[in-house]
Amino acid sequence: MVKPDGVQRGLIGDVVSRFEGRGIKICAMKMMKIPKELAERQYEEHKGKSFYDSLIAYITSGPVVCMVLEGDNAITVCRSMMGETNPQDAPMGTIRGDFALHTSKNVVHGSDSAESAKREIELFFNDYEIQKYQRIDEPWLYEGKL
Ligand code: IDP
Ligand code: MG
């Protein structure tokens with residue numbers, strides 16, 4: 001997800017382009033303003049933490065772009081492309097390392113496990129919004145497919 005700061009700062013294209021260029025497939029994509037109730041479900045693991053209220057305010061503060069991404073080891077690959085939660089720890093070349101300064105404005109969200117990906121995809125997308133298709137470059141991305 002490109003968070004509200006990423007959208008406001010004109011970073012949608014750059015973020016999407018990084019994943020696309022890497023070979024990660026975009027299976028779904030939409031812009032929305034997250035209703036508070038949905039934000040609370042997205043971030044239920046953080047309920048009770050000191051930053052929870054400001055996190056809900058941040059993620060509902062403007063439009064976001066949600067995506068379903070697919071690829072070999074996609075969760076680990078995408079999380080490493082995002083960089084650490086605190087952008088000050090994120091190396092240059094990562095999204096947060098290149099575009100952010102503070103944890104509370106860190107440009108992107110990404111599921112951190114297969115379980116959270118499944119849960120979040122079900123929260124944000126209907127089945128008919130998620131596309132199964134082959135990219136024409138898959139034989140040139142994946143071992144043993146030529
Ligand atoms: P992640 O986004 O890298 O998975 P999480 O620990 O799951 O990081 O935290 C979710 C989001 O909550 C972060 O991306 C960030 O926007 C916000 N957040 C986490 N820790 C803090 C904090 O200490 N202060 C302010 N915001 C925080
Ligand atoms: Mg997280």
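As the structure lists them, so they are numbered: ligands from 1, and atoms in each ligand from 1. Just the heavy atoms: all of them, side chains too, but no hydrogens, waters or symmetry mates, feed the values below.
Note: Tyr43 and His109 have perpendicular aromatic rings, judged against thresholds of 30 and 60 degrees for the angle between ring planes.
Interatomic distance, CD1 of Ile56 versus NZ of Lys47, reported as 8.0 Å (0.5 Å rounding). Taking CG of Leu55 as the reference point, atom CD of Glu40 lies at 10.5 Å (rounded to 0.5 Å).
Because its NZ or CZ atom is both nearer than 6.0 Å to the ring centre of Tyr142 and within 45° of the ring axis, Lys145 counts as a cation-pi partner of that residue. Figure legend: cation-pi geometry between Lys25 and Tyr133, with NZ or CZ positioned under 6.0 Å from the six-membered ring centre and within 45° of its axis.
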Between the protein and ligand 1, are there any N or O atom pairs that come within less than 3.5 Å of each other, and if so, what are their names and distances?
residue  : atom   : partner : partner atom : Å
ligand 1 : 2 (O)  : Arg96   : NH2          : 3.1
ligand 1 : 3 (O)  : Arg79   : NH2          : 3.4
ligand 1 : 3 (O)  : Thr85   : OG1          : 2.5
ligand 1 : 3 (O)  : Arg96   : NH1          : 3.1
ligand 1 : 4 (O)  : Arg79   : NH1          : 2.8
ligand 1 : 4 (O)  : Arg79   : NH2          : 3.3
ligand 1 : 7 (O)  : His46   : NE2          : 2.9
ligand 1 : 8 (O)  : Thr85   : OG1          : 3.2
ligand 1 : 9 (O)  : His46   : NE2          : 3.4
ligand 1 : 14 (O) : Lys3    : NZ           : 2.9
ligand 1 : 14 (O) : Asn106  : ND2          : 2.8
ligand 1 : 16 (O) : Lys3    : NZ           : 3.0
ligand 1 : 16 (O) : Thr103  : O            : 3.2
ligand 1 : 16 (O) : Asn106  : OD1          : 3.4

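No more than 12 heavy atoms of other residues, nucleotides or ligands sit less than 6.0 Å from atom NZ of Lys36.
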